[in-house]
> 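I have a structure I would like to understand better, so I am pasting it below and will then ask my questions one at a time.
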Amino acid sequence: MSPASTGASTLVGAAPAVPVVDSRMAPGGPGYRRMSFALFLAGVATFALLYSTQALLPLISGEFGVAASEASWTVAAATGGLALFVLPMSALSERYGRRTVMTGSLAVAVTVGLLVPLAPNLTALVVLRAVQGAALAGLPASATAYLAEEVRPKALVTAIGLFVAGNSVGGMSGRVITGWVAQEWGWRVALGVIGVIAVACAVAFRLLIPAPRHFKPGSLRPRVLARTVRDHLGNPLLCRLYAIGALFMTVFGGVYTVIGYRLTEAPFSLPQGIIGSIFLVYLVGTVSASTAGRLVGRLGRRGALYGAGATTAAGLLLSLAGSLPLVLLGLVLITGGFFAGHAVASSAVSKTATQGRAQASALYQSAYYIGSSAGSTVGAVAFHAGGWGGTVGVGLLAVLGVVTITVFGTRAARVARRKLATAA
C-alpha cells in the first residue's frame, strides 16, 4: 500500500511533531502556590507600611498640634514618593530582574519602617514617609510584570487579584493593629509593631518567591525607556486604564484618610481601637479582588468596571447617614467596589502591553498613587471645608470620571469593531 493511502509520511525518518508546552505557572501547577503566597505577603507588607499612619492621623494631629490637612501629608508623602519613583524602579527591574528589585525595595522600606516611630517632629515624619514610599516603588510594577511573564494568560487576572488581595489584607491589618496598639501605648509603638511585621513578611517573601524563568533583561538606555513610555502613553486603552486606576484611588484615599476624624466626632465619638477595627472591612476587598477574574469572565472588562463604579458610588451615598451600621455598610461597598475595579484595571494593563510590561505597569502604579495622594489631600481639605459631605462629593466626582471613561472606551471599541467588519 502506498504512503498516500496509509497516511504515512513520505519523508523517511521525519521526526513526529512535538506539541508546544507552556512552561509558565498555572493554578495547581508546580510553584504557583509558593509564588502566590510570596506575592501575597509582599502585598501585605507594602500596604501595611504605605498606609501605616492613616488610622493614626487623629493622634498625630493631637501630638504635633496640626489640622487633618497637615497630618494627611504623612500619607500623601508616602504615596507621592511611590508615584514619583515607580517608573525609574521599573526600569531597573527590566535590567536587573523583577525578583531582585522587589527584594531590594522591601529591604529598604522595612528598614525605614523601623526608623519612622523615632521621628522627632512632623517634618521628619513626612520626610521618612516619603523615603519609605520611594523605596516601595520597586514592588508594585515589578510584581505585575513578574506575573505577566511567569503565569499563563488565563490565570493572570486571578494571580494579580491575589496580589491585590494581599494589599487589602496589609491595609486592613496595619490599620486594625495600629488602632488597638496606639490606644494602649501610643502611635509610635503602633508604627514600630507594623515595622516588625513588615520585616517578617519581607523575609518570608524572599524565601518563597520562585526564581524567574521567562525574564529577559532589557536596556537601561534613557532613549529606549523614553520610547517605551511614549508608546504606552500613545495607547488610548492604556491611558484610559491609568485614569481609571487614579480615579478609583482618589475615592479610596480620601475616604480612608478622613474616616478616622469623622468617627472620633459626634454623633459617633468612637475610641481609637474601635476606629482601627473599622478597617476590618478590608476583608471585603480581599474577596472582591481575588474574584475579579470571575467577574470579568461573566461581565467582561467594561461591565466589571461599571459594576465596581456603581458599587463604590452606592457606598459613598450610604456613608452620609448618621447611623453607624449604615456608615459601615457604605464602607463595605466602597471597599469592595474599589478593589474589584483596581484588580480589573491593573490586570488589563498587563494584558494590553505586549512589551515593556514593567513600564506599562509602572505608569499605572504612578497614576494610581498620584490618585491616592490627591485623594488624601483633597479629601482632607474638603472635610475641613464641608465635613464628611465634602469628602463624599469629591469621591462621587471621581466615580463619575470612571464611568465616563468606561463609556467612552465602550463606544471606541464598537467603532473599532465596525471598522474591522467593514474591512472584512
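One-based numbering along the sequence shown. Worth knowing before you read on, the calculation uses all heavy atoms, side chains too, and leaves out hydrogens, waters and symmetry mates.
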> Check whether the side chains of Tyr256 and Ser376 place a donor and an acceptor atom closer than 3.5 Å, and report yes or no.
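No pair is found: no donor N or O on one side chain lies under 3.5 Å from an acceptor on the other.
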> Considering residues, nucleotides and ligands other than Arg34, do more than 12 of their heavy atoms fall under 6.0 Å from its CZ?
yes
> May I ask you to check whether Trp187 and Thr178 show a side-chain donor-acceptor distance below 3.5 Å?
no
> How long is the gap from OH on Tyr368 to OG on Ser346, to the nearest 0.5 Å?
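Going from OH on Tyr368 over to OG on Ser346, the span is 8.0 Å.
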> With rounding to the nearest 0.5 angstrom, report the CG to OG1 distance, Leu247 to Thr406.
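Taking CG in Leu247 and OG1 in Thr406, the distance rounds to 9.5 Å.
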> Indicate yes or no: does Arg98 engage Glu149 in a salt bridge with an N to O separation below 4.0 Å.
yes
> More than 12 non-hydrogen atoms from neighbouring residues, nucleotides or ligands closer than 6.0 Å to CZ on Phe37, yes or no?
no
> Have a look at Leu238 and tell me which of Leu363, Val349, Leu233 forms a side chain to side chain contact (heavy atoms under 4.5 Å, CB included) with it.
Val349
> Tyr261 versus Thr391: any side-chain heavy-atom pair under 4.5 Å?
no
> CZ of Arg411 to CZ of Arg414: how many Å apart, nearest 0.5 Å?
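So the CZ of Arg411 and the CZ of Arg414 are separated by 8.0 Å.
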> In terms of side-chain heavy atoms, does Thr377 have a donor or acceptor partner in Trp73 at a distance below 3.5 Å?
no
> Can you confirm whether Arg129 sits close enough to Ser52 that some side-chain heavy atom of one is under 4.5 Å from a side-chain heavy atom of the other?
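When only atoms from C-beta onward are counted, Ser52 and Arg129 do touch, with a gap below 4.5 Å.
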> Under 6.0 Å from the CZ atom of Phe85, do we count more than 12 heavy atoms belonging to anything else shown?
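Atom CZ in Phe85 is not packed in, count stays at 12 or less.
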> Quick check for you: to the nearest 0.5 Å, what is the distance between Lys351 atom NZ and Leu241 atom CG?
12.0 Å
> Would you check if Trp185 and Val193 make a side-chain contact, meaning some heavy-atom pair closer than 4.5 Å?
no
> Does a side-chain heavy-atom distance below 4.5 Å link His342 with Tyr364?
yes
> If we only count heavy atoms from C-beta on, is the Pro117 to Val189 side-chain gap below 4.5 Å?
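When only atoms from C-beta onward are counted, Val189 and Pro117 do not touch, as no gap falls below 4.5 Å.
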> Of the options Val108, Val131, Leu82, Val112, which is the one that meets Leu136 in a side chain to side chain contact (heavy atoms under 4.5 Å, CB included)?
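The residue from Val108, Val131, Leu82, Val112 that satisfies side chain to side chain contact (heavy atoms under 4.5 Å, CB included) with Leu136 turns out to be Leu82.
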> Please examine the side chains of Trp388 and Val258, heavy atoms only from C-beta on, and report whether any two atoms are closer than 4.5 Å.
yes
> Do the side-chain N and O atoms of Thr410 and Tyr306 include a donor-acceptor pair separated by under 3.5 angstrom?
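Their side chains do contain a donor-acceptor pair, which is all the 3.5 Å distance test asks for.
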> Before you tell me yes or no, could you show the steps for Thr79 and Ser373 under side-chain hydrogen bond (donor to acceptor under 3.5 Å, both in side chains), namely the whole-Å CA-CA distance, both residues' side-chain angles and the distance that decides it to 0.1 Å?
CA-CA 6 Å; Thr79 54; Ser373 296; 2.6 Å; yes
> If you round to the nearest 0.5 Å, how far is OG1 of Thr264 from CZ of Phe268?
10.5 Å
> Below 4.5 Å, heavy atoms only, C-beta onward: do Ile259 and Ile275 meet side chain to side chain?
no
> Aromatic ring centroids of Phe252 and Phe339 under 6.0 Å?
yes
> For residues Thr257 and Gln54, is any side-chain donor paired with an opposing acceptor at under 3.5 Å?
yes
> How far does CD1 of Ile274 sit from OG of Ser269, to the nearest 0.5 angstrom?
13.0 Å
